[in-house]
Amino acid sequence: MRPRTIVPSVAAASLVLAALTAAPVGAAPGGGLRAAAGPPPLEDLVTGDAVMERLQDFQDIADANGGNRAMETPGYEASAAYVEQELAAAGYEPERQYFTFEDLVTDDLSLTAAGVSVTSDLYPAEFAPDTPDDGVTGPIVQPGDPLVQGCTADTWDGIDVAGAVALVSRGSCPFADKVLHASTAGAAAVILYNNTDGALSPTLGAENDAWVPTVGITQADGQAILAAIAGGAPAEATYDLQTHVEQFESFNVLAQTPGGRDHNVVMAGAHLDSVEDGAGINDNGSGSAAILEVAVQLAAATDGGQDVENAVRFAWWGAEEVGLRGSTHYVDDLVANDPAALDDIATYLNFDMVGSPNYIIGVYDANESTHPAPVPVPPGSAETEAVFTDYFDGIGQAWVDTEFSGRSDYQAFIENGVPASGLFTGADGSKTAEEVALFGGTEGIFYDPNYHSPADTIDNVDPTALDIMSRAIGHAVAALSEDTFAVNGVGNPRVDGIEAQARCLNGTAYVAVRATNGEDAPADVRLITTFGEKKVSSLAPDKNVYQSFNTRATSVAAGTATVAAYQWRGGDPVYQRYDVAYDAIDCG
């Protein structure tokens, strides 16, 4: 029989395949050490139903406050107060982090195309520049692909785009790709029209000198423009946008477990604000509600957050919808004033939209196995991603990679070297046939047709997606609260190459146990079976300990051997316990 080997990793910390118990450490009566049963089972405690109830609370807040939860509104203030109230009831001491920033305010905004004046539901694209003082006027052109979506450069081949206003349909690829291809071909401005009912408030993701003035309009307005052109109206458009800069104030809500290593902090964050046009229940009430439920259940399962190995810090970011302002302020403040505290963040988990109605189960592709990342990927990010993907694999849940793009609140973290990953059920991308085969839903429409619209309400959140993702968030936070070794090398004493095997010698059954000190410093290692124990003090790094225990019988039933490791670090005792199974054997 082959020996069974366990190589502990953060990704496998709570899977049945490897019966690893990672233990918080503390003084027990008599001066000994205690080892808890492992990470709290938050994947069982954090349910979609509970998170949906919190989403209803956010919906009620929006309904009572003008229909939204946007920054500098009563809806945002009420959302923050609700989060703080729930955290305080769970035993946390939430804090607000205020910040100010400058942003653009619109002075003039107008669009006339083929004689059609668009007077409502007209939204300049985030990060797109203003027009010149007298606006942009040019012939209307469209890309050459059948859906006129302009997702590749060759869709503009053979079309006279220089100085024109490109009229492009939403769908199939990010808005940024559409605008980049149009501007590269020579367009002076871009009109993006929706391909489903409702307003379109596009974002280009980040500042870029390649952008040209860009505006989003409804499907109905887009079709009216096309109908006017088909009816013989001059195919010409004028778009005018003039803005000025004003200063705004918002705040983040932060809370941390009272226990755990504060020099190895696991962070989980979600933006709390909505767009002005709606309640923002998927974007991003879903992420905010999920981490709130995780925080509450973590506290309940760990004596108010005392019994965790690594401190867990939760963040509800403000002003995300106007350029990732809250998370960027948080990181920039650490860089400027407390860089050691930034180094103390082991990894950052981001959750922005986890209940999309036409969902995918998406994991940020930190290992770039599907999508090359357009941003830096700090070391440890791929290992953080594996916490999610190994969990999904372990429960038989299909998942797909989603681009590690930095286009959410993890951007500032990765730009400053903090590992990150996260989950995403989709926004304005279109669902593929392959994704339908994995998750159901409708091919060719958006993952969230209500993205950045008034229809982003409690009625349009998918409960299945929300349940799957909420449990995964709970699992990841629990696992990393106990062990971040795979991410950053910080954890309780690591033991590698653990093997347990029942074998025969001269008609007697023996249980042989082997282990290797995986630390870079000596550790005390103990091998434990029901037939005896062996302890090696100060086992050197990469050295093995081995013992064959005599059962004094001709057979032995299947059982479990234990390997325990112990060190002192900075005056504090740290302890890890590993269990590994062995098979039955009959030597008679």
Side-chain angles (χ1 to χ4, degrees), residues 1-25 28-30 32-41 43-44 301 309 390-391 393-396 475 478-479 482-483 485-486 491-519 523-537 539 543-567 574-588:
M1 298 178 188
R2 295 186 301 135
R4 297 185 179 184
T5 303
I6 293 179
V7 180
S9 73
V10 66
S14 66
L15 298 184
V16 175
L17 294 175
L20 166 63
T21 303
V25 176
L33 294 175
R34 60 176 174 80
E43 62 267 34
D44 298 326
E309 276 297 318
D390 286 0
Y391 166 72
D393 289 345
I395 64 172
H475 164 83
E482 290 298 311
D483 185 5
F485 189 92
N492 288 340
R494 180 185 175 109
V495 180
D496 295 327
I498 300 173
E499 300 176 356
Q501 182 184 29
R503 57 182 60 177
C504 297
L505 180 62
N506 299 325
T508 300
Y510 288 77
V511 173
V513 185
R514 181 190 305 272
T516 303
N517 179 9
E519 292 289 324
D524 294 349
V525 178
R526 187 187 298 270
L527 311 180
I528 306 167
T529 71
T530 57
F531 313 105
E533 300 182 9
K534 179 177 182 178
K535 178 183 177 183
V536 177
S537 298
L539 182 68
K543 295 299 183 181
N544 297 328
V545 57
Y546 172 85
Q547 181 67 40
S548 184
F549 296 96
N550 190 338
T551 70
R552 294 178 173 79
T554 59
S555 63
V556 64
T560 300
T562 296
V563 176
Y566 171 89
Q567 283 183 320
V574 290
Y575 170 73
Q576 183 100 294
R577 175 188 176 100
Y578 302 78
D579 294 330
V580 59
Y582 55 85
D583 293 329
I585 197 169
D586 186 352
C587 303

Which heavy atom of [X] sits nearest to which heavy atom of [Y], and what is that distance?
| X | Y | value |
| --- | --- | --- |
| Cys587 | Arg503 | SG-O, 4.1 Å |
| Asn517 | Glu519 | OD1-N, 2.9 Å |
| Phe531 | Asn550 | CB-O, 3.8 Å |
| Val495 | Ala515 | CG1-CB, 3.5 Å |
| Val580 | Ala500 | CG1-CB, 3.6 Å |
| Ala558 | Ala584 | N-CB, 3.4 Å |

[X] versus [Y]: any side-chain heavy-atom pair under 4.5 Å?
| X | Y | answer |
| --- | --- | --- |
| Asp483 | Gln576 | yes |
| Phe549 | Lys534 | yes |
| Thr529 | Tyr582 | no |
| Val513 | Gln547 | no |

In Å, rounded to the nearest 0.5 Å, how long is the span from [atom1] of [X] to [atom2] of [Y]?
| X | Y | atom1 | atom2 | result |
| --- | --- | --- | --- | --- |
| Ile585 | Thr554 | CD1 | OG1 | 11.0 Å |
| Tyr566 | Lys535 | OH | NZ | 8.5 Å |
| Asn544 | Leu539 | CG | CG | 8.0 Å |
| Ile498 | Thr562 | CD1 | OG1 | 9.5 Å |

Problem set entry | Name of the residue among Asp579, Val525, Val545 meeting side chain to side chain contact (heavy atoms under 4.5 Å, CB included) with Val563 |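 Testing Val563 for a side chain to side chain contact (heavy atoms under 4.5 Å, CB included) against Asp579, Val525, Val545 leaves exactly one candidate, Val525.
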
